[in-house]
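Reading through the structure tokens given below for one structure.
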Amino acid sequence: MHWADVIAAELLKRSNSHRVATGISPSGHIHLGNLREMVTADAIRRALVDAGGEAKIVYIADDFDPLRKRYPFLPEEYENYVGMPLCKIPDPEGCHDSYSEHFLQPFLESLEILGIPVEVRRAYQMYKDGLYEENTRIALSKRDEIARIIAEVTGRELEEGWYPFMPLCENCGRINSAKVKSFDESWIYYECECGYSGKVGYAGGGKLTWRVDWAARWQILKITCEPFGKDHAAAGGSYDTGVRIAREIFNYEPPYPVPYEWIHLKGKGAMKSSKGIVIPVREMVEVIPPEIVRYITIRVKPERHIEFDPGLGLLDLVEEFEEKFKEKDRSVELSLVGDVVYSDVPFRHLIVVGQIANWDLDKVLEIIERTGYRVDEITRKDVERRLKYAKKWIEKYAPDRIKFEIPEKVSVDFSEEEEKFLRTYAERLQNDMSPEEIHTLVYDVSKELGIKPSKAFQAIYKAILGKTYGPRVGYFIKSLGVEWVKERIKAAL
């Protein structure tokens, strides 16, 4: 069974209807690593529905969280906003109403492209609307019990006078610098590091501390399942304290946990907005088809980390998807968005043909047919859709050795050995040869003439491209046209 179906089966033992929570703070570019949480949640949602259950994903945008520091991508003046809620800070580029919306909007647009339906909740609005009022009153009145739970689970004693609430200072606008001094039925009284003393109401006047907030939102939103990063799942972590706070303070059964590992960017480590190690989700859905973006996560169990290489590694992943698509693999099934059709034309071939045809669809289809693929309505529809992604991938992530342009003519020197090989090879090339036969011919001729195959391939690339490397020879020559290549070799010599 697929991991999503295993989780769905466990959840259906508890209830037929589920609300799966996800929560990401819009403090910077919401990246592919963050997306693992959303895709994991949606795979579970789909598995529940496929098994006859009901499910909804709730996405909580933690826009009431403070800006923890000035990140490298922010102007110097943003030092002044450190400690303020993300929803109260101006957009660094001036195109949205707030800092949080600047990063949130492109992410929500990406979720639509990825076919992930969500009920969006903004944390600040939830507090402002009074959804947390009852839980805040309970938490304040039971602060000693909460402190005891945290101490028992984490081994960390909280400071004297600690309260599980962070007031929003009306003087400096920060939410992480004021301390609660007392409270009554109507107000919470505080003193801030800025020197100001004041009071705030229970609706929107501040927020519960993280471990308490998380347990409270489970009850408020009736959450039954939640994927979350491995840091929260560590012994003594947020989930362990959340479980006890939910049961002992809020009288609510905690959701089914689905801890997941990080996505690492090859050669750079785990993706983190604060360190600039990111591939924004909005960028990713423009470079590869949505089903491939989903497949990155869905093909791997949540507890395994993912090493992501947007270069050649991504091509290998697409190739794997294409093979699994033919097998009607469950990971592929859970990855598909809408009525997607796939022809037999590999993505790798589109990358080569697209560059030869300068991304002209009709020319691409003509070359595809010449290289042995049947061009019908399904092929046309598939190629038209995926060709634009191939072009984007070439522009954004392709290593230089994959990129090429066909120069009008080449001016290179050939050794006597190379010249002999090229003349013989061109004589043997036939129009009716398949790409595999064209490729094999390189080995046959090089063996016959006593030249190393690597030198033979280099000679072909020099004659066509003016450099010593290029795409796989068989499909490359068939795509260019055998007669054209023969003329090209003649001209080069």
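Note that the structure is predicted; figures quoted are calculated from it, not measured.
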Check: K326 side chain, D344 main-chain N or O, donor-acceptor pair, under 3.5 Å: no
Do the rings of F321 and Y342 sit parallel, tilted or perpendicular, given the 30° and 60° boundaries? tilted
Answer with yes or no after comparing the ring centroid distance for Y99 and Y81 against a 6.0 Å cut-off, counting only values under it. no
Hey, can you tell me if H232 and W210 have their rings parallel, tilted or perpendicular (30° and 60° cut-offs)? tilted
Around E395, counting heavy atoms of other residues, nucleotides and ligands shown, do more than 12 lie under 6.0 Å from its CD? yes
Within the side chain of E37, is there an N or O that forms a donor-acceptor pair under 3.5 Å with the backbone of G23? yes
Quick one: does T297's side chain have a donor or acceptor within less than 3.5 Å of a partner on R294's backbone? no
Candidate list F476, Y469, Y443, test ring pair (Phe, Tyr, Trp, His ring centres under 6.0 Å), partner F457, passing option: Y443
So that I can tick it off, tell me whether K455 and E417 are bridged by a salt bridge, with the cut-off set at under 4.0 angstrom between side-chain N and carboxylate O. no
Any side-chain heavy-atom pair of D42 and R46 under 4.5 Å: yes
Please examine the side chains of T468 and Y461, heavy atoms only from C-beta on, and report whether any two atoms are closer than 4.5 Å. no
Any side-chain heavy atom of H31 within less than 4.5 Å of one from M284? no
On a heavy-atom basis, the closest approach of P26 and A61 is CD-C, 4.4 Å
Do any N or O atoms from the side chain of N80 and from the backbone of E77 form a donor-acceptor pair under 3.5 angstrom? yes
Is a salt bridge present between K381 and E384, judged by a nitrogen-to-oxygen distance below 4.0 Å? no
Less than 4.0 angstrom from a charged side-chain N to a carboxylate O is my criterion; do D400 and K467 meet it? no
Shortest non-hydrogen separation from L334 to A47 and the atoms involved: CD2-N, 4.3 Å
Kindly give the heavy-atom pair with the smallest separation between K486 and E427, and that separation in Å. NZ-O, 4.3 Å
Would you sort out whether Y59 and L104 count as a side chain to side chain contact (heavy atoms under 4.5 Å, CB included), showing the intermediate values? CA-CA 11 Å; Y59 167 57; L104 192 56; 3.3 Å; yes
Inspect the contact between E419 and R423 and indicate whether a charged nitrogen and a carboxylate oxygen are less than 4.0 angstrom apart. yes
Over all heavy atoms of both residues, which pair between F64 and K207 is shortest? Give the atoms and the distance, please. O-CD, 3.5 Å
Looking at R380 and E377, is any side-chain nitrogen of the basic one under 4.0 Å from a carboxylate oxygen of the acidic one? no
What's the verdict on side chain to side chain contact (heavy atoms under 4.5 Å, CB included) for E483 and N431, showing C-alpha distance, side-chain angles and the deciding distance? CA-CA 7 Å; E483 287 304 318; N431 278 315; 3.1 Å; yes
Evaluate the side chain to side chain contact (heavy atoms under 4.5 Å, CB included) criterion for residues L317 and I288: first the C-alpha distance (whole Å), next the side-chain angles of each, then the deciding distance (0.1 Å), finally the verdict. CA-CA 11 Å; L317 191 73; I288 52 174; over 6 Å; no
Residue pair I296 / L35, side-chain heavy-atom distance below 4.5 Å: no
Under a 4.0 Å threshold between the charged nitrogen and the carboxylate oxygen, would R386 count as salt-bridged to D382? yes
Does E112 reach the main-chain N or O of L108 with its side chain, forming a donor-acceptor pair under 3.5 Å? no
T224 versus S15: any side-chain heavy-atom pair under 4.5 Å? no
Whether E366 and K363 form a salt bridge (side-chain N of Lys/Arg under 4.0 Å from carboxylate O of Asp/Glu) is what I want to check. no
Tell me if a side-chain donor or acceptor on W484 pairs with a main-chain N or O of I477 at a distance below 3.5 Å. no
For this output row, return yes or no: ring centroids of H349 and Y373 closer than 6.0 angstrom. yes
Do NZ/NE/NH1/NH2 and the carboxylate oxygens of E448 and R428 come within less than 4.0 Å? yes
Minimum heavy-atom distance between W3 and I298, given as atom pair plus value: NE1-O, 3.0 Å
Evaluation steps, side chain to side chain contact (heavy atoms under 4.5 Å, CB included), between L86 and S25: CA-CA 9 Å; L86 301 173; S25 176; 3.5 Å; yes
Student check: side-chain heavy atoms of E226 and W214 closer than 4.5 Å: yes
Over 12 non-hydrogen atoms of neighbours within 6.0 angstrom of NZ in K266: no
Check K222 with E119, please: is the shortest side-chain N to carboxylate O separation under 4.0 Å? no
Would you call E283-K396 a salt bridge at under 4.0 Å N-O? yes
Could you check whether atom CG of D97 has more than 12 heavy atoms from other residues, nucleotides or ligands sitting under 6.0 Å from it? no
Quick check: does any side chain N or O of D63 sit under 3.5 Å from a backbone N or O of R122, one acting as donor and the other as acceptor? no
Measure from the side-chain N and O atoms of E418 to the backbone N and O of S415, and report whether any donor-acceptor pair falls under 3.5 Å. yes
Taking all atoms of both residues into account, what is the closest heavy-atom pair of L67 and Y78, and its distance? CD2-O, 4.0 Å
Within the structure provided, determine whether Y256 and I44 are in side-chain contact (heavy-atom separation under 4.5 Å). no
Please check if any side-chain donor atom of T379 sits under 3.5 Å from a side-chain acceptor atom of D376, or the reverse. yes
Does atom CG (D432) have a neighbourhood of more than 12 heavy atoms from anything else shown, all under 6.0 Å? yes
Report yes if some heavy atom in the side chain of R217 is under 4.5 Å from a heavy atom in the side chain of D213; otherwise report no. yes
Between R348 and E322, does any side-chain N to carboxylate O distance fall below 4.0 Å? no
Verify the neighbour count for atom CZ of R385: are there more than 12 heavy atoms of other residues, nucleotides or ligands below 6.0 Å? yes
Exam field: side chain R488 to backbone A463, donor-acceptor pair closer than 3.5 Å: yes
Between E286 and R282, does at least one N-O distance fall below 4.0 Å, as a salt bridge requires? yes
